[in-house]
Amino acid sequence: MLPKRSFCVGFFVIASVLVSPALLHAQEVAASVGIQQVVEQSRANDAFWSVIIRDSTGNILDAFNADKLVRPASNLKLLTSAMVLDELGPDFRYVTKLYGIGTLKDSTWHGDIIVRGSGDPSVSGTFYQDDRFYVFNQFYRALDSLGIEHVNGSLVGNNAYFDQKPYPKGWSWDDLSFYYGVEINALSFNENTVELSVYARNNIGERPNIEWFPFDTDYVDFINEQVITPAYSEYDESYRRIMGTNTILLRSSLPKNYVEEEALAVLDGAQYFIDTLQKYLAQSGITVESIFVENQPRNWNSGQYQVLTKHRSVPLAELLEEVNSESNNFYAEMLLKTAAAEHFHTAGSTELGLRLMEDFAKKMGMETSDLKISDGSGLAPATLLTIEDLSMMLVNMRSHPYAEAYRHSLSVAGQKGTLKHRFRGTPIAGKLTGKTGYISGVRALSGYLEAQSGHPLTFSIVTNNYTEPTSYIDRVQEEIVRKIYQTY
């Protein structure tokens, strides 16, 4: 076994002739102010570290390994969200329409009721005071106002706005049971998840009780093989949806009196949407003969379609906070397909969205030959880029027409989003707006920092292939940020 060594020393000797003079100078500065030493003296010095700091005009102040390809994890969302914002504008809203085709006689609608999927990721409670049925209630009230009590026809979900590929290439099947690896459909409800609650209130050795939202729906089938363990034992999580089904195996071990809540992914999100809407209408007093989902577009301008109501989402500027501040994979992928659908006037696809990302990256000064992407969220481990390029994009977004909306979408140290609990009680709280990133073996932090001097900086720190706990990597990255804050 080779002994552990300082990861950067050999790199600078061998590769110095291959990098730009600006990067070489920045590497020397980085060594002089101690940023490199923070890494070398840490327990994670055998991981691959990539760091860059730029001033407000893009000049590189500090850097090492910044021109090397790294896996960015959710820092990729910085590029995805910038492209979507550039493409759609901050005031873009999704419009989901409810159509009727048929006639009303007495209290029966003779014909079909059709929901035209728009790709809206927010048909949930996120922007509606946690009322996850907010949109469905709007649909119900429209039907009820017409006096409809029964639909002698079908409730149809039109899923044609997106293509029929529910996942980007490269996602791991291990992720597809959980909220961060759900399907991407033009029709989605509750971010394509059911929300499971587990209560370990029974005796040790017995099964815990379970319930789930929405209304213990039979759209999913839970096999509860969980067990209650002594109160002092550790919680051991085990959830797995059997691929190709909506059967979910529960095999967790829960300490006595423990309560666990988990959002779990469903199969066929569009069907889940329409199935849940049918159940909601039935509970509200409107019955429907049958339901189905279609994937072909219709001629909506035909006179036979009557718009019964339409739901408008909150503006894109607010939706982007879910992407960047909360690091929501589902929103990132839905918005990526939406940008493709709107730009190319065809079914939105990940592939077309990635084409837009590459075009935007080139426009923002990135070297696209170094950009290897297969999704919009960074969940795919094959994604590669350089932080030299990523940070240049961030610099250029400072002068973008939608710069304010972009920056507002980011998390804030000590205050908001995934950085809410980091840098609390330090001078950096409120002065760092950025984006975290995590997948197995990858931890990233990039964004904007107002230094102690008042100078506006752009920075990126990405750690790949580490074996120490992620919490330890966070501490090292935070020490680097403190160095940057104090030095510039």
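Only this structure's heavy atoms are used, side chains among them; waters, hydrogens and symmetry mates stay out. When a residue number appears, it is its place in the shown sequence, counting from 1.
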Y406 vs Y448 aromatic rings, parallel, tilted or perpendicular, using cut-offs 30° and 60°?
perpendicular
Which one of S374, S377, P166 satisfies the side-chain contact (heavy atoms from CB on, under 4.5 Å) criterion with W171?
S377
Take F136 and F189, measure what ring pair (Phe, Tyr, Trp, His ring centres under 6.0 Å) needs, and give me the verdict at the end.
CA-CA 10 Å; F136 285 3; F189 170 73; 4.8 Å; yes
Between R241 (side chain) and A265 (backbone), is there a donor-acceptor pair under 3.5 Å?
yes
Does a sphere of radius 6.0 Å around CZ in F178 hold more than 12 heavy atoms from other residues, nucleotides or ligands, not counting ones at 6.0 Å or beyond?
yes
Between Q477 and T463: side-chain donor-acceptor atoms closer than 3.5 Å:
yes
Only one of Y140, F139, F213 passes ring-ring contact (aromatic ring centres under 6.0 Å, His included) with F133, and that residue is F213
Sort and list the pairs that fulfil ring pair (Phe, Tyr, Trp, His ring centres under 6.0 Å) and have at least one residue in residues 309-341, not counting sequence neighbours.
Y128-H311
If we count only N and O atoms by modelled type, under 3.5 Å, do the side chains of Y99 and D112 hold a donor and an acceptor together?
no
Give the intermediate values and the outcome of side-chain contact (heavy atoms from CB on, under 4.5 Å) for residues K310 and R116.
CA-CA 10 Å; K310 56 186 176 183; R116 182 183 178 185; over 6 Å; no
For atom OH of Y180, is the number of surrounding heavy atoms from other residues, nucleotides or ligands below 6.0 Å larger than 12?
yes
Residues K363, D359: salt bridge by 4.0 Å N-O rule
no
Using modelled atom types and a 3.5 Å cut-off, is there a donor and acceptor pairing between side-chain atoms of N192 and backbone atoms of E183?
yes
Look only at the side chain of E211 and the backbone of S197, and say whether a donor-acceptor pair between them is shorter than 3.5 Å.
no
Verify the distance criterion only: is there a donor paired with an acceptor across the side chains of S313 and S122 at less than 3.5 Å?
no
Mark yes or no for whether N159, through its side chain, and A270, through its backbone, hold a donor-acceptor pair below 3.5 Å.
no
Can you find a heavy atom in the side chain of Y219 that is under 4.5 Å from one in the side chain of V194?
no
Locate the shortest heavy-atom distance separating V462 from N464; write the atom from each residue and the value.
CG1-ND2, 3.5 Å
Do L371 and D389 make a side-chain contact, defined as non-hydrogen atoms from C-beta onward lying under 4.5 Å apart?
no
Under the side-chain hydrogen bond (donor to acceptor under 3.5 Å, both in side chains) rule, what do S411 and K420 come out as? Steps first, then yes or no, please.
CA-CA 7 Å; S411 55; K420 183 176 182 179; over 6 Å; no
Side-chain contact, heavy-atom cut-off 4.5 Å: L146 with I148?
yes
